[in-house]
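This report refers to the structure that appears directly beneath it.
The structure displayed is predicted, hence computed values, not measured ones. Numbers here simply count residues along the sequence, with the first being 1.
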Amino acid sequence: MGAIPTQRETVPRAPSRAPGALARRGADRRTVAHATLGGGPLAPGAARGLVRAALAEWARLGLPGAAALPDRLTDDAMVVVSELVTNAVVHAGTDVELQCRLETPGGPEEGERGAGDEEEAGVGVALVVEVSDHHPSRAPRDGGVELPYDIPEYGRGLRLVSVLSEAWGVTYRTGIKTVWARLPAEGVTVDDDVDAYAATQTLGHGLRVAEILAPEPPRGPCDQEWLNHGALSFLAEASDLLAGQLDEDLVAALTGQLLVPRLADWCAVWLEDESMGRGSWGEGGGAGGGDGGYTGPGPRLARVWHSSEDLVEELWRALEKDPPRPPDTTRTGPVTVPWPGEALGAHGETGSALAYRLVAGGRPLGTLVIGRAGAIRFPDEVTGLVEDLSRRVALAIGAARQYARQATISRVLQRGLLPGAVAEIPGVTSALVYEPCDKGGPSGDFYDLFPAGDGRWCFAVGDVQGKGPEAAVVIGLARPWLRLLAREGYRVADVLDRLNQLLLDDATETADAAARALVAADGRPAPVVGPAGSVASAVPGVLASARPGEGPQTRFLSLLYGELAPFEGGVRCTVASAGHPLPLVLRAGGEVRTAAEPQTLLGVVEDETYTSGSFELRPGDSLLCVTDGVTERRCGPRQFDDGDGLANALADCAGLNAQLIAERIRRLVHEFGEKPPEDDLALLVLQADPLRE
């Protein structure tokens, strides 16, 4: 394609009109759909859904021109919308404005002509799609650029838009760039070379999970028609399907179902282990590492799919024994590989097999092999389509691996932030409920129950402001220091005093480091440390100028901390609450009362002095400690603890053991709202053992 226009320019296949003129050609206001989409990877799929729903609604309402729209136009519209929105998302990164409208021929004014006046063969009826972004300095892309893992879908440029549209163009306005396309209901006539290009870049129509196993389209004269029109939205829909998977083995399984039997009789997917340096193909394709062939233990055969299920097992064994050896690691195009004739029986003695390297982010992730029996070679249309799909498969595998790595890191981090086991206390039974809301990352809630020596046991239930890495940093500071201070003999109030100062000191050090980094990045002179001893105090406003997410986050901690000292006939309990929901004591007779006084959050006020209170748990008495995931559980405008809701729920637990109390409170919290809890939930029950007769 020629140079990208710097002013308004159209690229017509027929006499073109600007979007403003098109809008005046008899458009019914009811046949206009508009939406604002976030500039993320989900935008193309959302755009396709909007256009598909709009076309269906127009047809249902019997609006002028809607009944004349052929199924082919819907297919074409899905591809055009995908390409235009994807280009806007990838190259602008702003919100995307999408508008589609149905145009009917000029003539009588609206409402004066019948619905069938213009519906003969759909003559004059057209669908206009406009996609606008707010970064007009960037022109629409026309060419293939491989993107990182975190962009699951990428466009193939504007060539497809040119193929499918009667006219298309780019309009620049102040702060906005709009790319538009006009798709006529009667279709467009394309040159053979352009048609071949479209066939090699597009495949399939309306992929849905239920349609993955659809029968193979007949091979023969209608093959080309299926490739050109009946399957135009396949790649776009396949991208959505693959991008939503978080397991690389499932991606491999879906790839087999996508390809067989549509384009091949069988396929296989090998996956290579990046972390172990496996799957490195050398130049030359030999079998040994020294002659340029495959080096390392070898790839893992993840999936084999055949149109005849009775051949899968034998084919698997043959391919596992002798995997393909493509000649290099970066080329994604097809490479001919040996045909596994013996594994396919009498009907598979001859055929053609091709291997595609699965490469994303410049790293080889695996190999895709397809085969068709009785064929000397695959048609060029098919090889191009599979290559395009293989790129999407590689991106999906890369994204799944990235998610798996992050999930593993989060699990390991979460295990390190919580105790491996809670201590057993003589004369006390404990029960714990811990439910992080986000299973994929560190929670902001934590707990601990540990021996402190000299016949003392300590417990803690805390909640850090925020979640994720920042919360993990605070918990990583607080929990070890709680244990250390308790075992050094510090009492409850003293522990909170020192932990408060520790959090403030750490926040100051973090702010100083961030200030130095910002000063260095801005190229300012090195700051002079002021009387407060802080770089941040010497550079007023430097932290305020940081963008969100770049500077240090405020590290506040609400904490309920206490000490237990069992004695004959009960347990002596000393407890303090720092900005945390107050603990409740349930007496054996059913009475409920609070067991601490509210105090300031930790990490907020310099030189804050905390106090504690003491009481006794007699046999059968229970102490309930919770986080705000319990007290602030919402149901519309109401919260669980409104009107002493938690105290009333605890009073109904009289006579229950610790485990049953914890389970009942947990169940009541879940049942309080229709939706699942949106915050982390932690609760600890400590019950003095009843007297034995």
Side-chain angles (χ1 to χ4, degrees), residues 203-204 211-219 223 238 241-242 245 247-273 278-279 281 285-287 293-294 296-327 332-359 364-379 382-383 385-387 389-390 392-394 396-397 400:
L203 170 66
E211 297 173 339
I212 292 176
L213 300 177
E216 177 185 13
R219 296 174 182 171
D223 244 0
L241 181 66
L242 293 171
Q245 310 309 321
D247 181 88
E248 61 181 67
D249 288 306
L250 183 54
V251 172
L254 289 173
T255 301
Q257 296 180 54
L258 287 166
L259 290 172
V260 178
R262 283 184 171 86
L263 298 173
D265 293 325
W266 59 269
C267 82
V269 179
W270 282 262
L271 297 177
E272 300 167 17
D273 191 339
R278 295 168 56 182
W281 296 98
Y294 182 79
R300 172 174 64 88
L301 183 55
R303 186 71 179 181
V304 174
W305 196 270
H306 198 290
S307 56
S308 298
E309 292 188 14
D310 56 337
L311 297 176
V312 170
E313 186 175 350
E314 187 65 27
L315 180 60
W316 186 298
R317 285 197 293 265
L319 295 175
E320 194 171 35
K321 180 180 179 181
D322 186 20
R325 294 172 172 81
T332 61
V335 176
T336 302
V337 294
W339 176 257
E342 295 183 0
L344 299 177
H347 298 289
E349 293 181 355
T350 61
S352 178
L354 297 176
Y356 296 81
R357 297 293 282 135
L358 301 176
V359 179
L365 305 179
T367 303
L368 167 67
V369 176
I370 62 172
R372 179 178 285 187
I376 300 177
R377 60 185 295 273
F378 277 88
V382 173
T383 60
L385 291 168
V386 177
E387 182 178 1
L389 179 63
S390 71
R392 286 155 166 80
V393 172
I397 292 172

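- No side-chain heavy atom of Val312 sits under 4.5 Å from any side-chain heavy atom of Trp266.
- Nearest heavy-atom pair across Arg372 and Arg262 is NH2-O, 4.4 Å.
- Residues satisfying the side-chain hydrogen bond (donor to acceptor under 3.5 Å, both in side chains) test with Arg377, not counting sequence neighbours, are Asp380.
- Contact check for Val369 versus Leu354: no side-chain heavy atoms found under the 4.5 Å cut-off.
- For Pro261 against Ser307, the heavy-atom pair with the smallest separation is CB-CB, 4.3 Å.
- Looking only at side-chain heavy atoms (C-beta outward), Trp305 and Leu259 stay at 4.5 Å or farther from each other.
- In terms of the side chain to side chain contact (heavy atoms under 4.5 Å, CB included) criterion, residue partners of Ser308 (sequence neighbours excluded) are, by chain and number, His306, Asp310, Leu311.
- Residues passing the side-chain hydrogen bond (donor to acceptor under 3.5 Å, both in side chains) test with Glu387 are Thr332, Arg391, sequence neighbours excluded.
- When all heavy atoms of Ala268 and Leu301 are compared, the closest pair comes out as CB-CD1, 4.1 Å.
- Across every non-hydrogen atom of Leu271 and Ala302, the tightest pair is CD1-CB, 3.7 Å.
- Under the rule for a side chain to side chain contact (heavy atoms under 4.5 Å, CB included), the partners of Asp247 that lie at least two apart in sequence or sit in another chain are Asp249, Leu250.
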Working note: Leu242 + Leu258, criterion side-chain contact (heavy atoms from CB on, under 4.5 Å); need CA distance, chi angles, decisive distance, verdict.
CA-CA 10 Å; Leu242 293 171; Leu258 287 166; 4.2 Å; yes

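- Between Tyr356 and Gly333, the closest heavy-atom pair is CD2-C, 4.0 Å.
- Looking at Trp270 and Leu319, their side chains come closer than 4.5 Å, going by heavy atoms from C-beta outward.
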Chi angles and distances behind the side-chain contact (heavy atoms from CB on, under 4.5 Å) call for Arg303, Thr255:
CA-CA 9 Å; Arg303 186 71 179 181; Thr255 301; over 6 Å; no

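- Atom CG in Asp265 sits 10.5 Å away from atom OG in Ser352 (nearest 0.5 Å).
- No side-chain heavy atom of Val269 sits less than 4.5 Å from a side-chain heavy atom of Val393.
- The nearest pair of heavy atoms linking Ala353 to Pro338 is CB-O, 4.2 Å.
- Put simply, the side chain of Leu368 reaches to within 4.5 Å of the side chain of Val386, judged on heavy atoms.
- Listed by chain and residue number, nothing satisfies the salt bridge (Lys or Arg N to Asp or Glu O under 4.0 Å) test with Glu320 (two or more places apart in sequence, or in another chain).
- Between Leu254 and Gln245, the closest side-chain pair of non-hydrogen atoms falls below 4.5 Å.
- A 4.5 Å side-chain heavy-atom check between Ile370 and Phe378 finds at least one atom pair inside the cut-off.
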Please test Glu272 against Thr367 for side-chain contact (heavy atoms from CB on, under 4.5 Å), starting from the C-alpha separation and ending with a verdict.
CA-CA 8 Å; Glu272 300 167 17; Thr367 303; 3.8 Å; yes

